[in-house]
Amino acid sequence: MFPAAMKTDASDLLPVAQLDVLAQEGFYGIAGPTEAGGLDLDQSTTSQVVESFASGCLTTAFVWLQHRNPVRAVAASDTPGLRDEWLAALCRGDRRAGIALAGNRPGSPILRASRTASDDVILHGEAPWVSGWGRVDVILVAARDGDDVISVLVDATEDPTLSARRLSLVGANASGTVTLRFRDHRVPADRVVGEEPHADVLVRDAAGLRLNGSLALGVVDRCCRLMGPSVFDERLVAVRGSLDDATAETSPAARAAASELAMRAAAALTVAHGSRSILLDQHPQRLAREALFLLVFGSRPPIRAELSRRIAGA
Ligand SMILES: Cc1cc2nc3c(=O)[nH]c(=O)nc-3n(C[C@H](O)[C@H](O)[C@H](O)COP(=O)(O)OP(=O)(O)OC[C@H]3O[C@@H](n4cnc5c(N)ncnc54)[C@H](O)[C@@H]3O)c2cc1C
């Protein structure tokens, strides 16, 4: 991935060949059960894989990583026929998925779901951030129905009730990130993945954010490799350790530390390489833009508070 990272970064949408290689090598199935052709990797190995891929090419790693959540959700689904229809194909990467978790947000819902008499689901509202558009076949959409969250698999194609507006990003722009708008979009009952109380979703949220920290560590790792031996080598090991050992209480601080380290490492690389760092065909400016993106992606209020405190030098 790394030799192609500059070209991928500059493209409008990452080349599908990057993702095809990951599928061929089995990486679309890392979260899937072995009986469905998955690798069922443990958390520690998964973190290392995510970090390695992000070091090679953040954009590719980012789009590929979205697939993990749908694989796990389908594997755990009770909906008759859903696992048989989708799980093995998702694990092979024959079908690729993104996520639109707008319905998981706290507060008043921006994306709502309701059931019809035949148990189909009607989606209405907005998912402000959805990555991988143009490179995924389906989106796992989470939408609020009262105090519950309903998850469904939605075909990743525009139609009169589903529109996508492309967003321009300073980093990882080739991730094909869009805002989706649903206007009474109907999803058949056999595409319902699950339903659970919103309160339970929020309790699980922090644990699900661990891997985003490995995206930041990947950027740090690449900066270290390009810089040669520096203090950042030790800092990378320390922050990785904090993320691996994090509890629900310490996780926001560990995530903030990873994002801060990516910013500092990219700044150090930029300084070390001098003026040529800011040429658009040079890695330091790409890594600095990616570090900027990782200051906000996958954030939550406690992560933001800790990061603000650190950046202010407190
Ligand atoms: C470039 C980019 C690409 C993204 N791609 C995706 C994507 O493919 N799919 C996707 O679902 N999200 C995606 N996100 C959204 C991201 O996961 C978080 O919503 C976002 O990083 C939080 O940003 P924010 O602090 O500005 O809050 P906002 O996005 O404005 O959210 C408002 C509030 O809701 C909370 N919140 C947002 N999402 C959740 C959630 N899922 N669970 C619990 N609380 C939540 C936030 O912490 C915040 O307090 C993307 C974000 C960016 C910047």
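First listed ligand is number 1; within each ligand, the first listed atom is number 1. Residues: numbered from 1 along the sequence shown. Quick caveat, the model's predicted, so the values are computed rather than measured.
Leu180 is not listed as a side-chain neighbour of Glu126, based on a closest heavy-atom distance of 4.5 Å or more. The closest side-chain heavy-atom distance from Phe62 to Thr59 is not below 4.5 Å.
Between His283 and Phe2, the ring center distance clears the sub-6.0 Å criterion.
In Ala100, the part holding a heavy atom less than 4.0 Å from any atom of ligand 1 is the backbone. The proximity of Val201 to ligand 1, defined as any non-hydrogen pair under 4.0 Å, does not occur for either the backbone or the side chain. Residue Asn104 touches ligand 1 through backbone and side chain together, judged by heavy-atom distances below 4.0 Å. The side chain of Phe62, and not its backbone, has at least one atom closer than 4.0 Å to an atom of ligand 1 (non-hydrogen atoms only; side chain from C-beta on).
When hydrogens are left out, the protein atom nearest atom 8 (O) of ligand 1 is Ser131 N, 2.8 Å; that is the closest non-hydrogen contact. From the protein, the heavy atom lying nearest to atom 11 (O) of ligand 1 is Leu101 N, 2.9 Å. For atom 1 (C) of ligand 1, the nearest non-hydrogen atom of the protein is Phe293 CE1, 3.2 Å. Annotation: atom 24 (P) of ligand 1 to nearest protein heavy atom, Arg304 NH2, 3.7 Å. Nearest protein heavy-atom contact of atom 14 (N) of ligand 1 is Trp129 CB, 3.2 Å. Summary of contacts: the protein heavy atom closest to atom 19 (O) of ligand 1 is Arg300 NH1, 4.3 Å. Protein heavy atom in closest approach to atom 35 (C) of ligand 1: Pro106 CD, 3.8 Å. Scanning the protein for heavy atoms near atom 37 (C) of ligand 1, the closest one is Arg105 CG, 3.6 Å.
Contact check on Asp155 versus Arg191 returns a salt bridge, with a Lys/Arg side-chain nitrogen under 4.0 Å from an Asp/Glu carboxylate oxygen. Residues Arg204 and Glu196 are paired through a salt bridge, judged by an N-O separation under 4.0 Å between the basic side chain and the carboxylate. A salt bridge does not link Asp245 to Arg240: none of the charged nitrogens lies less than 4.0 Å from a carboxylate oxygen.
For ligand 1 and Val130, the ligand atoms under 4.0 Å from any heavy atom of the residue are 7 (C), 8 (O). The Asp205 neighbourhood of ligand 1 comprises atoms 42 (N), 43 (C), with distances under 4.0 Å to a heavy atom of that residue. Near Ser299, with a cut-off below 4.0 Å to any heavy atom, the atoms of ligand 1 are 21 (O), 22 (C), 47 (O). For ligand 1, the atoms closer than 4.0 angstrom to any heavy atom of Leu169 are 1 (C). Listed by number with element, the atoms of ligand 1 under 4.0 angstrom from any heavy atom of Pro301 are 47 (O), 49 (O).
Remark: ligand 1 and Ile99 share an N or O pair separated by less than 3.5 Å (distance only, no angle test). By the 3.5 Å distance cut-off applied to N or O atoms, Leu202 is not counted among the residues near ligand 1. For the pair Thr177 and ligand 1, the shortest N or O to N or O distance does not fall below 3.5 Å. Where the criterion is an N or O separation shorter than 3.5 Å, residue side chain and backbone included, Gly298 meets it with respect to ligand 1.
Using modelled atom types, one finds no donor on one side chain facing an acceptor on the other under 3.5 Å when comparing Thr79 with Arg83.
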Going by atom type alone, with no hydrogens or angles, which donor-acceptor pairs under 3.5 Å involve a side-chain atom of residues 291-302 and a protein atom two or more places apart or on another chain?
unit_1 : atom_1 : unit_2 : atom_2 : d
Arg300 : NE     : Asp205 : OD2    : 2.6
Arg300 : NH2    : Asp205 : OD1    : 3.3

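Counting only heavy atoms, the protein gets under 4.0 Å from atom 43 (C) of ligand 1.
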Output, in order, the C-alpha distance, side-chain angles, deciding distance and verdict of side chain to side chain donor-acceptor pair (under 3.5 Å) for Gln282 and Arg286. CA-CA 7 Å; Gln282 296 294 310; Arg286 172 179 66 81; over 6 Å; no

Derivation of the side-chain contact (heavy atoms from CB on, under 4.5 Å) call for Ile139 and Ile99: CA-CA 5 Å; Ile139 305 280; Ile99 52 173; 5.6 Å; no

Evaluate the criterion side-chain contact (heavy atoms from CB on, under 4.5 Å) for residue pair Phe182 and His124; output intermediate values, then yes/no. CA-CA 5 Å; Phe182 300 86; His124 195 86; 5.5 Å; no

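Thr8 OG1 to Leu58 CG: the interatomic distance, rounded to the nearest 0.5 Å, is 11.0 Å.
Legend: residues meeting side chain to side chain donor-acceptor pair (under 3.5 Å) with Glu158, ordered by chain and number and at least two apart, are absent.
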